[in-house]
> 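Handing you this structure, nothing more for now.
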Amino acid sequence: MAVLDDPRRVLARPPAAAELVEAVEDLRYAAEHTRFPLRLPGADRAEESRGRLVSQLVEHLLPRLTQLAAPAVVVVAGSTGAGKSTLVNSLVGAEVSQAGVLRPTTRRAVLVHHPADAGLLAGHPVHHDVEVAQTEALPRGIALLDAPDLDSVVEENRVRAYRLLESADLWLFVTTATRYGDALPWRVLQDAATRGTTVAMVLNRTARKALPQVRQDLLARMREHGLGSSPLFTVPDVGPHTGPLDADAVASVSRWMTMLAGPDRARTVVRRTLKGALDALRGWVDELAAAVEDQAVAAGEIGAAVTQSLVPVRQAQAAGVRGGSVADGAVRSRWLELTARGAPLAGLVGRGGRIRGGAKEARARTQAVRPLLDDLVAGARLTLFAARDAAHRAVETTLRDPDGPRGGAALVDQVTVPKTRGRKAAARRVATAWVDNGLALVRDLLSGGEVNRVSIVLVRRAIVQRGIGAETVAAMALAGAAGVADAAETTAAVLGPAGPELVRALRDDLVARIGAEIDAEAEAVGDVLADPDLATDAASRLRLRLAVLKELI
């Protein structure tokens, strides 16, 4: 039997093989970093498929592509009670795997190989999840892996069994006359056939009298599931016994394994399984990419629905502000109080636009309008909070609507939205900023700036020479912007043409700030939808990796 004495020959790969490993590595990276942020129907299945794809790449394809000289790993699989462990013990002529009547017998997988193959198998992924037994009864170039039952009552065993199957080079599938009709093994075998995995069947513990009929029926089932060319071995029922079977009972399987152990034949099996696995990647990656694209489409639908749901909210809130809703309540009452007979702002503008009073009156007016500024903050805060709350309800109603966008209802539970206290605090900050902006605009006029091309000379004469402070002018303009018509008229009387422009600018500023708060309510949804895995081209990285791989296989 040929032996590779120089370990450098094991690791050396021709350029084409190196490119193939690199392409598979790139695909592994892309698959590992693929996520499904939206809880769409089928997302769980896609996540499971992604996990299986990564497992296949990491635990089988990449190790095999980098260590083609390692022995072929033959996993002995089957249902509970099929006699897998007894078969393994019989093939090596020693008790290396526990066999018995208790189920599940195989609690931990057992890997059996020739002692001289230990170094080549040390880096194999299955090596870290099995008990290892060495025997010279097994030929070099092949390793037997006794896996847990596929239908084990212990979930951990079932998961391990499937993982080991996907990491093997060849399956030796064991069944019996009473179990070969079970649906589960055939679904697993169908997947193996689809991936091009090399499979051999063992019909175990079958009475000689029933053997011809059972064998014929089993061969028909194998053909139906794409396994017509797979070898079928039979092990007769020898009745109650303990320990390994006689060598004659498993002679056909032993001869087949000895034949496989030859370096050329073993590598042929490994390469055929690798080719099948690589070919099967196309379907897996296409399915994964389709799921990613579905997520991107759903994200677009959710984003469009959320945007549309906020349009009427924005329109209603803007109409309310322009209709004077901010002034309803405290602001309007405060203005009436300030302009009542004998109040600080009563008769502020006399005939010819003259400001009545002097410096003393100007200081009194400044003190008097400060509560009005506080009322303006409170009124704007209520409006901003109501707008934010209306936006929140509109978004949630849209997403929870049974006829709404796919994944919307689940997304509502995913996003993190500010609590009522947080929204109230945000509304107060924005309202205060709006009032402060009014003061800043007036002060800008006094310092030489211009608003909407209004001459600073006119404004300075109105404010400074006529003896009215900037704070009072700002309070009037803000009250006018909030909806107090008399305040808007007074501002026009004081500032001339600059007055209506200032009131309009402040009203538009408040509408814009309300719009920003409405948009902020959708930001939590937007943060989820901004996930790179929901981008319209998110699937392209998978398809690109697959395209490169197709060129190499």
Side-chain angles (χ1 to χ4, degrees), residues 303 305-337 369-401 408 411-441 474-485 487-488 503-529:
V306 169
T307 299
Q308 186 59 38
S309 74
L310 295 178
V311 171
V313 176
R314 187 176 285 103
Q315 292 173 341
Q317 295 298 321
V321 171
R322 299 188 192 286
S325 62
V326 179
D328 292 342
V331 172
R332 208 176 298 279
S333 297
R334 183 78 66 181
W335 179 261
L336 291 174
E337 178 185 322
V369 299
R370 285 174 181 167
L372 175 60
L373 292 173
D374 292 338
D375 292 337
L376 285 163
V377 170
R381 178 182 62 80
L382 289 174
T383 300
L384 286 157
F385 178 78
R388 186 76 177 261
D389 189 58
H392 174 76
R393 285 184 280 107
V395 170
E396 184 167 349
T397 299
T398 297
L399 295 182
R400 290 196 185 279
D401 189 337
L411 183 60
V412 173
D413 300 324
Q414 286 180 250
V415 300
T416 302
V417 297
K419 297 186 181 299
T420 299
R421 180 180 296 180
R423 291 202 295 272
K424 286 183 176 180
R428 174 172 287 281
R429 286 194 300 271
V430 176
T432 301
W434 175 63
V435 171
D436 289 344
N437 184 52
L439 289 166
L441 284 176
M476 292 189 304
L478 287 164
V484 180
V503 169
R504 193 159 39 246
L506 290 172
R507 184 181 294 121
D508 291 344
D509 180 41
L510 181 56
V511 169
R513 292 175 190 272
I514 290 172
E517 285 299 288
I518 291 172
D519 290 337
E521 192 59 38
E523 284 181 3
V525 174
D527 289 343
V528 176
L529 300 184

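Since the structure is predicted, the reported quantities are computational estimates derived from the model, not experimental observations.
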> Walk me through whether R400 and D413 qualify under side chain to side chain contact (heavy atoms under 4.5 Å, CB included).
CA-CA 10 Å; R400 290 196 185 279; D413 300 324; 3.1 Å; yes
> Less than 3.5 Å apart, which donor and acceptor atoms pair up between the side chains of residues 327-336 and the rest of the protein, not counting sequence neighbours?
{"unit_1": "D328", "atom_1": "OD1", "unit_2": "R332", "atom_2": "NH2", "d": "3.0"}
{"unit_1": "R332", "atom_1": "NH1", "unit_2": "G483", "atom_2": "O", "d": "3.3"}
{"unit_1": "R332", "atom_1": "NH2", "unit_2": "G324", "atom_2": "O", "d": "3.2"}
{"unit_1": "S333", "atom_1": "OG", "unit_2": "G329", "atom_2": "O", "d": "3.1"}
{"unit_1": "R334", "atom_1": "NE", "unit_2": "D375", "atom_2": "OD2", "d": "2.5"}
{"unit_1": "R334", "atom_1": "NH2", "unit_2": "D375", "atom_2": "OD2", "d": "3.2"}
{"unit_1": "W335", "atom_1": "NE1", "unit_2": "D486", "atom_2": "OD2", "d": "2.9"}

> Do V525 and L399 have side chains that approach each other closer than 4.5 Å (heavy atoms only, starting at C-beta)?
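Touching, per the 4.5 Å side-chain cut-off.
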> Hey, are the side chains of T398 and V306 touching, using non-hydrogen atoms and a 4.5 Å cut-off?
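They are not in contact (no side-chain heavy atoms under 4.5 Å apart), so the answer is no.
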> For D508, which residues count as a side chain to side chain donor-acceptor pair (under 3.5 Å) partner, sequence neighbours excluded?
R322
> What are the two closest heavy atoms between I514 and A387, and how far apart are they?
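Between these two residues, the closest heavy atoms are CG2-CB, 3.6 Å.
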> Looking only at heavy atoms, which two atoms of G480 and V503 are closest? And how far apart?
C-CG1, 3.7 Å
> If you define the side chain from C-beta out and look only at heavy atoms, does anything of R513 sit under 4.5 Å from N437?
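Yes, their side chains come closer than 4.5 Å.
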> Tell me every residue that passes side chain to side chain donor-acceptor pair (under 3.5 Å) with D519, counting only those two or more places apart in sequence or in another chain.
R314
> Would you call R370-D374 a salt bridge at under 4.0 Å N-O?
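Judged by the 4.0 Å cut-off on N to carboxylate O distance, R370 and D374 do not form a salt bridge.
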> Could you grab the distance from atom CG of L382 to atom NZ of K424, nearest 0.5 Å is fine?
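Spacing of CG (L382) from NZ (K424) equals 9.0 Å.
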> In Å and rounded to the nearest 0.5 Å, what is the CG to CG distance from L529 to L411?
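Spacing of CG (L529) from CG (L411) equals 6.0 Å.
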> Check whether any side-chain N or O of R428 sits under 3.5 Å from a backbone N or O of V377 as a donor-acceptor pair, and report yes or no.
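Side chain of R428 to backbone of V377: no pair is present.
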> Within this structure, what is the CD-CZ distance for the pair E521 and R388, rounded to the nearest 0.5 Å?
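Reported value, rounded in 0.5 Å steps: 4.5 Å.
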> Please report the closest heavy-atom contact between E517 and A426, naming both atoms and the distance.
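Nearest heavy atoms, E517 then A426: OE1-CB, 4.1 Å.
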> Between V313 and A394, what is the shortest heavy-atom contact and its length?
CG2-CB, 3.8 Å
> Over all heavy atoms of both residues, which pair between L506 and G438 is shortest? Give the atoms and the distance, please.
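Taking L506 first and G438 second, the nearest heavy atoms are CD2-CA, 3.6 Å.
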> Identify the heavy atoms of Q317 and A390 that sit nearest to each other, and give their distance.
NE2-CB, 4.4 Å
> Among L310, L384, V311, find the residue that satisfies the side-chain contact (heavy atoms from CB on, under 4.5 Å) test when tested with I518.
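Only match with I518 under side-chain contact (heavy atoms from CB on, under 4.5 Å): L310.
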